[in-house]
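Numbers here are sequence positions counted from 1. Atoms within each ligand, like the ligands themselves, are counted from 1 in listed order.
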Amino acid sequence: MKLIAPSVLSADFGHLEQDLQMINRSDADWLHIDVMDGVFVPNISFGFPVMEPMRKYCTKPLDVHLMIVHPEKYVERFCDAGAWSVGFHLEAVDDPLPILDLIKAKGVRTCLTINPDIDVKRLVPYLDKVDMVLLMSVFAGFGGQKFIPETMDKIRFIREEIDKRGLKTLIEIDGGVNTENAAGLFAAGADVLVAGSAVFGAKDPEEAIRKMKR
Ligand code: DX5
Ligand code: ZN
């Protein structure tokens, strides 16, 4: 699959509705929603009051990426707030399974995420228990960082593990994705690319999205 999920973190929050209308018109597949708590990551983004207008004005599925400690406290609220998928970090929890169950019980798709310093092999036991895995290609916390090239081998590794089990689990890549590296990421086995600054910082964001999908 070749899906693009622009990250709303790089949108203009003063004109959020306009940016969401651009996303609605565009070939973007999902809208990626980065929630940061200032504890799991050294940055704070936004929460439910800002997600509400996103739900209201955005016609694309909302792909929620929680960068928070204790995701078990909030995953259900994000499901109720209209998330299409909810992901949290493996390294933020002791046991992801009961948290995945909370999300599944809401009928929402699940995603497990790891930062670049977490061994990709730690995802393997969960590949048949989630709808998607998200490999961070920068350290979670900020948009506009540079893509970490070592991510490429991790994509190939996890692609092989998924294929050899005959699973449908999607691979999402987040951080430093742009029109230059998108094709290589899809070729390595990624299904979904998150792009913040490369979309919202582009002169023609809709064209940037189209380019990444080609
Ligand atoms: C980083 C976030 C990313 C970020 C990507 O912690 O998870 O989704 O918005 O931004 P770019 O595409 O600018 O690297
Ligand atoms: Zn993200």
Side-chain angles (χ1 to χ4, degrees), residues 3-13 16 19-20 22-23 26 28-47 50-51 54 58 60-69 71 74-75 78 83-92 109-118 123 130-152 154-155 170-186 190-203 205-209 211-213:
L3 306 181
I4 298 292
S7 166
V8 75
L9 188 66
S10 298
D12 177 354
F13 283 79
L16 190 54
D19 278 2
L20 294 177
M22 179 281 288
I23 293 296
S26 78
D29 297 280
W30 303 343
L31 184 69
H32 185 80
I33 311 263
D34 287 305
V35 178
M36 306 179 184
D37 67 353
V39 180
F40 181 69
V41 287
N43 198 11
I44 300 176
S45 57
F46 54 78
V50 185
M51 197 174 145
M54 291 179 192
C58 187
K60 310 272 174 165
L62 305 183
D63 172 39
V64 174
H65 174 194
L66 300 178
M67 287 160 271
I68 64 173
V69 295
Y74 294 104
V75 288
F78 279 100
W84 190 83
S85 67
V86 172
F88 59 92
H89 278 255
L90 177 60
E91 67 271 29
R109 290 140 205 92
T110 53
C111 176
L112 260 187
T113 305
I114 53 166
N115 257 311
D117 59 345
I118 303 300
L123 285 175
V130 294
D131 296 295
M132 181 158 78
V133 289
L134 191 173
L135 307 181
M136 289 303 300
S137 38
V138 301
F139 280 88
F142 299 90
Q145 303 179 73
K146 217 172 133 302
F147 181 84
I148 299 173
E150 284 74 25
T151 312
M152 299 307 288
K154 298 182 188 178
I155 302 173
L170 298 178
I171 303 174
E172 183 174 40
I173 304 302
D174 185 4
V177 173
N178 55 42
T179 52
E180 308 292 305
N181 59 17
L185 289 163
F186 283 131
D191 298 293
V192 189
L193 303 182
V194 175
S197 42
V199 169
F200 291 98
K203 260 206 207 102
E206 289 176 66
E207 174 57 17
I209 293 167
K211 242 186 179 165
M212 285 185 227
K213 293 191 83 156

Considering only heavy atoms from C-beta outward, does the side chain of [X] approach that of [Y] to under 4.5 Å?
X      : Y      : result
Ile114 : Leu135 : yes
Lys213 : Phe186 : no
Leu185 : Ile155 : yes

- Task: Start with the C-alpha distance between Asp63 and His65, add both sets of side-chain angles, then the distance that settles side chain to side chain donor-acceptor pair (under 3.5 Å), and finish with yes or no.
- Result: CA-CA 7 Å; Asp63 172 39; His65 174 194; over 6 Å; no
- Hey, what's the angle at the Zn ion (ligand 2) spanning NE2 (His32) and ND1 (His65), nearest 10 degrees? 100°
- Task: Compare every heavy atom of Leu31 with every heavy atom of Pro6, then report the nearest pair and how far apart it is.
- Result: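 Distance-wise, the nearest heavy atoms are O-CD1, 3.5 Å.
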- Of all N, O or S atoms in Asp174, which has the smallest distance to the Zn ion (ligand 2)? OD2
- Can you name the N, O or S atom of Asp34 that is closest to the Zn ion (ligand 2)?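 This residue's closest N, O or S atom turns out to be OD1.
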- Query: Listing by chain and number, which residues have a heavy atom under 4.0 Å from ligand 1?
  - Reply: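 Residues within 4.0 Å of ligand 1: Ser7, Leu9, His32, Asp34, Met36, His65, Met67, Met136, Ala140, Gly141, Phe142, Gly143, Gly144, Asp174, Gly175, Gly176, Val194, Ala195, Gly196, Ser197.
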- Message: By the salt bridge (charged side-chain N to carboxylate O under 4.0 Å, His left out) test, which pairs, at least two apart or in different chains, include something from residues 171-182?
- Response: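 Passing the test, one end in residues 171-182: no pairs.
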- Query: So, the side chain of Asn115 versus the backbone of Asp117: is there a donor-acceptor pair under 3.5 Å, distance only?
  - Reply: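 Judged by distance alone, no pair lies under 3.5 Å.
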